[in-house]
Amino acid sequence: RWLIPMVLLGVVYILPIAGKLVRGSGNTRKILWNTTASLAMSALVALFTAAPLAFPLLQYVSLSTRRLMTLADQSLFSFPPVRVVSLVIPFNDVPEWVAYIGAGLTLLWLAGILLRSRESRHWGIIGIIFFLLALGPATPLFSLLNGLPGFQLLRVPARFLALVALGASLGAAHGINKLLDDPTPG
């Protein structure tokens with residue numbers, strides 16, 4: 001159930017590296033090429049490690065009734081847009097909707113973006129994309145991606161909130177780093 005969100009996160013993570021690889025100078029290209037090669041090797045090791053479970057899973061997916069779910073069935077546990085405040089103020093009612101980021105983390109994340117931290121901005125974009133996916137059919141992004149192979153097997157879009165929390169945490173970490181490096185904006 002986490003394969004597609006993790007693949008999307010991996011693609012979003014690799015895009016800036018690929019951009020730097022294309023635009024970089026000789027030394028930068030060598031470093032980025034080595035990084036890309038090690039990421040590719042890690043992906044291959046992960047693929048071979050997961051293969052004994054992946055092949056039976058692919059067989060099971062072809063027999064699963066999740067392929068027959070409608071968009072309404074898939075979006076049953078979407079994160080309601082009126083619950084946005086629960087990302088900063090905790091509520092404990094529906095477990096699928098719990099993703100408490102907190103006000104402090106949010107402020108550090110925004111500080112990094114306002115201080116022009118490229119990494120905070122990158123993770124901010126990732127957080128927004130996954131937040132829009134967590135909203136389910138309330139945004140056109142979910143319906144657009146629903147045509148992708150495997151995406152229609154997802155049953156609880158609100159689980160993308162875990163990746164929103166990850167993006168917020170990493171964005172806040174880069175925000176703290178930027179604050180410690182250069183506490184004055186501009």
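One is the number of the first residue; the rest follow in order along the sequence.
Hydrophobic clustering (side-chain heavy atoms under 4.5 Å, transitive across Ile, Leu, Val, Met, Phe, Trp, Tyr) groups Ile129 together with Trp123. Transitive grouping of hydrophobic side chains (ILVMFWY, heavy atoms separated by less than 4.5 Å) brings Leu180 and Leu108 into a common cluster. Hydrophobic clustering of Ile, Leu, Val, Met, Phe, Trp and Tyr side chains at less than 4.5 Å, counting indirect connections, unites Leu161 with Leu145. Phe160 and Ile128 end up in the same hydrophobic cluster when Ile, Leu, Val, Met, Phe, Trp and Tyr side chains are linked at under 4.5 Å.
Of the inter-residue distances, the one linking Tyr100 atom OH with Leu105 atom CG reads 9.5 Å to the nearest 0.5 angstrom. Rounded to the nearest 0.5 Å, atoms CD1 (Ile113) and CD1 (Ile125) are 8.5 Å apart. Taken from CD1 in Ile176 to CG in Asp181, the straight-line distance is 12.0 Å, to the nearest 0.5 Å. Distance check: Glu119 CD to Leu170 CG gives 11.0 Å after rounding to the nearest 0.5 Å. Taking CG of Leu141 as the start and CG of Asn146 as the end, the distance is 11.0 Å to the nearest 0.5 Å. The NE2 atom of His174 sits 8.5 Å away from atom NE2 of His122, with the distance rounded to the nearest 0.5 Å.
Contact check for Val84 versus Phe131: side-chain heavy atoms found under the 4.5 Å cut-off. Contact annotation: the side chain of Leu163 never approaches that of Ile126 to less than 4.5 Å [non-hydrogen atoms, C-beta and beyond]. Under the 4.5 Å side-chain criterion, counting only non-hydrogen atoms from C-beta, Leu133 is not in contact with Pro157.
Between Phe142 and Pro137, the shortest heavy-atom distance links the atoms CD2-N, 3.9 Å. Heavy atoms only, all atoms of each residue included: Pro80 and Leu135 are closest at C-CD2, 4.2 Å. Scanning both residues, Ala51 and Pro56, for their nearest heavy atoms gives O-CD, 4.4 Å.
Remark: side-chain polar atoms of Ser120 are paired, donor with acceptor, to backbone N or O of Gly175 under 3.5 angstrom. A donor-acceptor contact shorter than 3.5 Å links the side chain of Thr139 to the backbone of Leu132.
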